[in-house]
Amino acid sequence: RRGRVTLRPELSRTRTFGAKGASSGQFYKSHLAGNRLSNVAIDWEARDLSHLLKPRYDAYLDGLVRKAKPIASVGELSSLRNSTVRWMHRGQREFVNVAKQLGIMNDEKWGVPRTS
């Protein structure tokens, strides 16, 4: 769309009004209740955001992913504190299982896990 891309991790452009809504509060208590809007004003027009343009951002993100230590199980995380890791799941069922162990959102939207 107009040459724009989505940043990963996804940056929410919305806020929650509470437990009522389309998802019937499915993740409100576990994931959304603690979210707070910032009270710090930021002049985005004065910021240099060129690093977020597709060519530079793609190279940056690719570098992060390549440098991250691959892991095969959640059990490896305890010995890798303060490390950047990557884990590739083999399907939705495995993703849901690991997401539950980590306490992160385990649902998907349009075939993409929300925390991918």
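These values consider heavy atoms only, across backbone and side chains, with no hydrogens, waters or symmetry-generated copies.
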Task: Step-by-step side chain to side chain contact (heavy atoms under 4.5 Å, CB included) determination, Leu102 to Val74 - done: CA-CA 8 Å; Leu102 295 175; Val74 174; 3.9 Å; yes
TODO: May I ask you to say whether Arg66 pairs ionically with Asp62, meaning some side-chain N is under 4.0 Å from a carboxylate O?
DONE: yes
Just so I know, are the side chains of [X] and [Y] near enough to count as touching, which here means a heavy-atom distance under 4.5 Å?
X     : Y     : value
Arg86 : Val65 : yes
Leu53 : Tyr57 : no
Thr84 : Leu64 : no

Open item on the list: Quick check: is Met88 connected to Leu77 through a chain of hydrophobic side chains (ILVMFWY, heavy atoms under 4.5 Å apart)?
Closed with: no
- [ ] Look at the rings of His89 and Phe95 and say which category their plane angle falls in: under 30° parallel, 30 to 60° tilted, over 60° perpendicular.
- [x] tilted
TODO: Using the side chain to side chain contact (heavy atoms under 4.5 Å, CB included) rule, take Asn106 and Val98 through it: C-alpha gap first, then chi angles, then the decisive distance, then the call.
DONE: CA-CA 8 Å; Asn106 61 22; Val98 171; over 6 Å; no
Open item on the list: Going by side chain to side chain donor-acceptor pair (under 3.5 Å), name the pairs with one or both residues in residues 67-83, residues two or more places apart or in two chains.
Closed with: none
